[in-house]
Amino acid sequence: MTLRPTQDGAASRLLIVGPQGSGKGTQGIRIAEAFGIPAISTGDVFRGAVAAGTELGLQVQAIIAAGDLVSDELTSAVVRDRLAQPDAAHGFLLDGYPRNLAQVRSLDEFLDGRGQELDAVIELDVPRDESIARLSLRATEQGRTDDTEEVIANRLAIYERETSPILDVYRDRGIVDVIDGLGSLDEITDRVIAALEARGMSRPAAA
Ligand code: AMP
């Protein structure tokens with residue numbers, strides 16, 4: 001198969017960014033559904049691999065439990081593999097990747113090679129106190145091993161140190177929409193959809 005640059009102006013290649021507890025996972029799924037594209041969460045891919053006991057899972061298990069970042073090489077390889085699947089050919093929503101500047105470069109390089117680029121970056125804006133409160137609640141409800149107080153603090157510190165700077169890169173490209181992440185699930189989804197539609201992205205007609 002030869003790879004050609006896509007000609008489809010209708011493709012939506014999206015990234016959702018926000019601190020842990022901002023609701024980006026939940027909103028990512030809702031937005032992806034609205035635009036008819038797959039939601040690709042690296043955290044979910046890694047957790048799935050751990051649960052299934054695959055080689056990838058064994059490699060990342062301890063790193064995730066500590067709230068540290070999996071290596072850029074491994075993470076980027078996992079994402080490239082996923083983005084090469086047919087369902088991502090006409091758009092996708094990335095959640096949790098890129099998470100630092102090295103990963104931004106890696107994603108740029110991959111998309112460039114396919115004549116593609118990110119169309120929009122949704123920044124979910126949630127105050128720190130609210131993120132922490134939501135994470136503590138999720139810890140009780142879902143029992144995630146990386147939602148303990150110490151690990152939460154580590155993950156938020158990594159977000160502020162390594163992930164926030166990627167937003168400056170995308171802001172320079174003029175593709176960031178800052179969305180207020182406080183309110184009901186529906187309100188927040190509606191805000192994101194309105195921002196994306198204002199960029200000219202259209203949702204598939206309801207079946
Ligand atoms: P998340 O559900 O996005 O918070 O991801 C859960 C965990 O998976 C993170 O704390 C990291 O250990 C790992 N992870 C997810 N995405 C990445 C990434 N882009 N780079 C490195 N590690 C990641």
Side-chain angles (χ1 to χ4, degrees), residues 13-32 38-85 88 92-111 118 121-126 128 130-170 179 181:
R13 299 190 176 87
L14 313 175
L15 162 65
I16 189 162
V17 183
Q20 288 74 13
S22 62
K24 71 184 165 62
T26 307
Q27 288 300 332
I29 290 167
R30 294 166 71 104
I31 305 304
I40 300 173
S41 152
T42 41
D44 280 351
V45 171
F46 289 143
R47 277 185 292 276
V50 171
T54 63
E55 199 186 319
L56 174 67
L58 293 175
Q59 272 178 287
V60 302
Q61 193 161 18
I63 301 170
I64 291 179
D68 292 327
L69 291 187
V70 175
S71 77
D72 293 334
E73 292 71 22
L74 187 55
T75 309
S76 291
V78 164
V79 172
R80 285 173 181 227
D81 216 48
R82 181 63 187 87
L83 290 181
Q85 303 294 313
F92 51 77
L93 179 143
L94 285 170
D95 162 12
Y97 178 96
R99 221 170 177 106
N100 60 27
L101 292 170
Q103 293 181 9
V104 168
R105 283 191 291 273
S106 180
L107 178 64
D108 278 349
E109 198 181 277
F110 176 76
L111 292 178
L118 279 185
V121 176
I122 302 147
E123 177 185 358
L124 269 193
D125 186 28
V126 172
R128 199 170 200 277
E130 175 68 18
S131 300
I132 293 174
R134 290 186 192 174
L135 285 172
S136 307
L137 185 70
R138 187 169 77 185
T140 331
E141 286 174 357
Q142 297 180 7
R144 263 175 62 165
T145 54
D146 58 353
D147 274 347
T148 64
E149 206 172 312
E150 193 187 338
V151 176
I152 287 171
N154 186 32
R155 291 164 68 214
L156 285 172
I158 292 176
Y159 178 81
E160 278 156 25
R161 192 177 65 237
E162 299 200 32
T163 307
S164 289
I166 77 170
L167 287 165
D168 294 330
V169 174
Y170 292 129
I179 305 294

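In listed order, ligands and their atoms are each counted from 1. We're numbering straight along the sequence, starting at 1.
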(request) Could you tell me whether the side chain of Val45 reaches within less than 4.5 Å of the side chain of Val79, counting heavy atoms only? (result) no
(message) When you compare the side chain of Leu69 with that of Thr75, does any pair of heavy atoms fall below 4.5 Å?
(response)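 With C-beta onward as the side chain, the pair stays apart.
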(message) What I want to find out is whether Arg105 reaches Asp108 closely enough, with some N-O distance under 4.0 Å, to be called a salt bridge.
(response)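 Answer for the salt bridge query: no.
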(message) Tell me whether the count of non-hydrogen atoms from other residues, nucleotides or ligands lying under 6.0 Å of CD in Glu149 goes above 12.
(response) no
Starting from the N and O atoms of ligand 1, find every protein N or O within less than 3.5 Å and list the pair with its distance.
{"unit_1": "ligand 1", "atom_1": "2 (O)", "unit_2": "Arg47", "atom_2": "NH1", "d": "2.9"}
{"unit_1": "ligand 1", "atom_1": "2 (O)", "unit_2": "Arg47", "atom_2": "NH2", "d": "3.0"}
{"unit_1": "ligand 1", "atom_1": "3 (O)", "unit_2": "Arg99", "atom_2": "NH1", "d": "3.0"}
{"unit_1": "ligand 1", "atom_1": "3 (O)", "unit_2": "Arg99", "atom_2": "NH2", "d": "3.2"}
{"unit_1": "ligand 1", "atom_1": "4 (O)", "unit_2": "Arg99", "atom_2": "NH2", "d": "3.0"}
{"unit_1": "ligand 1", "atom_1": "4 (O)", "unit_2": "Arg155", "atom_2": "NH2", "d": "3.1"}
{"unit_1": "ligand 1", "atom_1": "12 (O)", "unit_2": "Asp68", "atom_2": "O", "d": "2.5"}
{"unit_1": "ligand 1", "atom_1": "16 (N)", "unit_2": "Thr42", "atom_2": "OG1", "d": "2.7"}
{"unit_1": "ligand 1", "atom_1": "16 (N)", "unit_2": "Gly96", "atom_2": "O", "d": "3.4"}
{"unit_1": "ligand 1", "atom_1": "16 (N)", "unit_2": "Arg99", "atom_2": "NH1", "d": "3.1"}
{"unit_1": "ligand 1", "atom_1": "19 (N)", "unit_2": "Gly96", "atom_2": "O", "d": "2.8"}
{"unit_1": "ligand 1", "atom_1": "19 (N)", "unit_2": "Gln103", "atom_2": "OE1", "d": "2.9"}
{"unit_1": "ligand 1", "atom_1": "20 (N)", "unit_2": "Gln103", "atom_2": "NE2", "d": "3.0"}
{"unit_1": "ligand 1", "atom_1": "22 (N)", "unit_2": "Val70", "atom_2": "N", "d": "3.0"}

(message) Checking Ser106 against Arg80: is there a side-chain donor and acceptor pair closer than 3.5 Å?
(response) yes
(request) Would you please test Tyr170 and Leu15 for side chain to side chain contact (heavy atoms under 4.5 Å, CB included) and show each step? (result) CA-CA 10 Å; Tyr170 292 129; Leu15 162 65; 3.6 Å; yes
